[in-house]
There are 2 protein chains.
Amino acid sequence: MESKNALSKLSALAQENRLAVFRLLVRAGHDGLPAGEIAAALDVPPNTLSAQLNILSNANLIEGKRQGRSIIYTANYDAISGLIVFLMEDCCQGREEVCSPVMAAAQSACC
Amino acid sequence: MESKNALSKLSALAQENRLAVFRLLVRAGHDGLPAGEIAAALDVPPNTLSAQLNILSNANLIEGKRQGRSIIYTANYDAISGLIVFLMEDCCQGREEVCSPVMAAAQSACC
DNA sequence: TCCATATTTCCACGATACTGGAAATATGGA
DNA sequence: TCCATATTTCCAGTATCGTGGAAATATGGA
């Protein structure tokens, strides 16, 4: 990932509501959630949310697909792991201090 | 890491100059770099840089220590790995799609 | 003490971001 | 066709951010 790409992902996530949206969608899994439900869950007006979904979507962190009247948003797992890898490789080159806590967390969290 | 903490780190890094400062300091290693050299390397006026160093420092991503007339800044490796772990654990709970690319990168990059 | 160097603080300007009302668009059903 | 629902686009107001000039502070050396 080039750093420009990483920058757009970082700034998309660097906002309370958008980070919350992303976390919600990650938890929602591959089925995703319609925009309206996200707005309700976060208690944000639908047009405000729409702007934020757009920013996350432009950063490629989420994707929206129309399904009937709703638009279902899903998290893009590749994108977030790409960002994490960018941070790791950018920081980790020979830097065991950064890398090994991440490895440890990965092992206990999932792998 | 609480998400508020993560948010301040994300927004500190979500800016071109500041991301560049951080990368530079990571590469500089434990010896760090004086503010003036950072400013010269990035071609940013010293007072502008100072504001950006302050933001990174408030997010705990870097630390400055006076040494003679200079102030030497170093990257805080714990902080960045904390952020990475936050992103991983926040995304990774049972999500092998996110976790395994990160593990693979970690293994080839450093561990 | 006086001066040069290194950096920060103060302050104000311009740019960008966040927000939400109102209107527009898209879909599905009666 | 008409209406309700779901979401977006348009637009403008406010707030926050990034920037850099000028002055202030801190340090070390002559």
Side-chain angles (χ1 to χ4, degrees), chain A residues 3-25 28 31-76, chain B residues 3-25 28 31-76:
Chain A
S3 94
K4 191 175 170 186
N5 190 352
L7 211 49
S8 79
K9 288 182 172 52
L10 286 169
S11 42
L13 292 177
Q15 205 268 341
E16 197 168 4
N17 283 327
R18 288 195 300 264
L19 184 58
V21 167
F22 187 75
R23 296 174 80 177
L24 191 62
L25 289 179
D31 292 343
L33 285 175
E37 275 186 41
I38 304 174
L42 302 187
D43 194 28
V44 170
N47 57 344
T48 299
L49 181 76
S50 180
Q52 294 171 331
L53 290 172
N54 215 37
I55 289 169
L56 285 165
S57 185
N58 287 337
N60 198 35
L61 283 164
I62 67 174
E63 193 181 356
K65 277 189 176 141
R66 180 171 287 277
Q67 194 169 301
R69 267 179 280 201
S70 299
I71 297 182
I72 307 290
Y73 282 92
T74 50
N76 181 355
Chain B
S3 95
K4 191 175 171 186
N5 190 351
L7 210 49
S8 79
K9 289 182 170 55
L10 286 168
S11 42
L13 292 176
Q15 205 270 340
E16 199 168 5
N17 283 327
R18 288 195 300 264
L19 183 59
V21 168
F22 186 74
R23 295 174 82 176
L24 192 62
L25 289 180
D31 292 344
L33 285 175
E37 276 187 40
I38 304 173
L42 303 188
D43 194 29
V44 169
N47 57 344
T48 300
L49 180 77
S50 180
Q52 293 170 331
L53 289 172
N54 215 37
I55 290 169
L56 286 165
S57 184
N58 287 337
N60 198 35
L61 283 164
I62 68 175
E63 193 181 355
K65 277 190 176 139
R66 180 171 286 277
Q67 192 169 304
R69 265 180 281 202
S70 300
I71 297 182
I72 308 289
Y73 282 91
T74 50
N76 181 355

Starting at atom [atom1] of [X], determine the distance to atom [atom2] of [N], rounded to an integer number of angstrom.
X: B:L42; N: D:dG20; atom1: CG; atom2: C1'; result: 16 Å
X: A:E16; N: C:dA17; atom1: CD; atom2: C1'; result: 15 Å
X: A:K65; N: D:dA6; atom1: NZ; atom2: C1'; result: 19 Å
X: A:I62; N: D:dT7; atom1: CD1; atom2: C1'; result: 13 Å
X: A:Q15; N: C:dA17; atom1: CD; atom2: C1'; result: 9 Å
X: A:R18; N: C:dA17; atom1: CZ; atom2: C1'; result: 8 Å
X: A:I71; N: D:dT8; atom1: CD1; atom2: C1'; result: 7 Å

Counter-base of [N], judged by Watson-Crick or G-U geometry with both distances under 3.5 Å:
N: C:dA12; value: D:dT19
N: C:dT1; value: D:dA30
N: D:dA24; value: C:dT7

Straight-line distance of A:L53 CG to A:L61 CG, nearest 0.5 Å: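 These two atoms lie 12.0 Å from each other.
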Distance (rounded to the nearest 0.5 Å) between A:L42 CG and A:N17 CG: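 If I round to the nearest 0.5 Å, the distance is 6.5 Å.
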Single hit among A:L25, A:L56, A:T74 for side-chain contact (heavy atoms from CB on, under 4.5 Å) with A:E63: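 That would be A:T74.
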Side-chain N or O of [X] closer than 4.0 Å to phosphate OP1/OP2 of [N]:
X: A:S70; N: C:dT27; answer: no
X: B:Y73; N: C:dT8; answer: yes
X: A:R69; N: C:dT25; answer: no
X: B:Q67; N: C:dT7; answer: no

B:R18 (side chain) donor-acceptor with B:A12 (main chain) under 3.5 angstrom: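 Present.
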Backbone N/O of A:P46 and side chain of A:S50: donor-acceptor pair under 3.5 Å: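 A pair under 3.5 Å: no.
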Any side-chain heavy-atom pair of B:N60 and B:N5 under 4.5 Å: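 The answer is no, as the side chains (C-beta and beyond) never meet within the 4.5 Å cut-off.
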Stretch residues 44-59 of chain A: residues that reach within less than 4.0 Å of DNA chain D through a heavy atom: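 When residues 44-59 of chain A is checked for heavy atoms under 4.0 Å from DNA chain D, the hits, listed by number, are A:P46, A:N47, A:S50.
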A:N17 vs A:R66, nearer the 5' end of DNA chain C by closest nucleotide: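 That would be A:N17.
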Contacts under 3.5 angstrom, residues 64-71 of chain A side chains, donor-acceptor by atom type, not counting sequence neighbours:
| from | atom 1 | to | atom 2 | distance (Å) |
| --- | --- | --- | --- | --- |
| A:R66 | NH1 | A:G68 | O | 3.3 |
| A:R66 | NH1 | A:R69 | O | 3.3 |

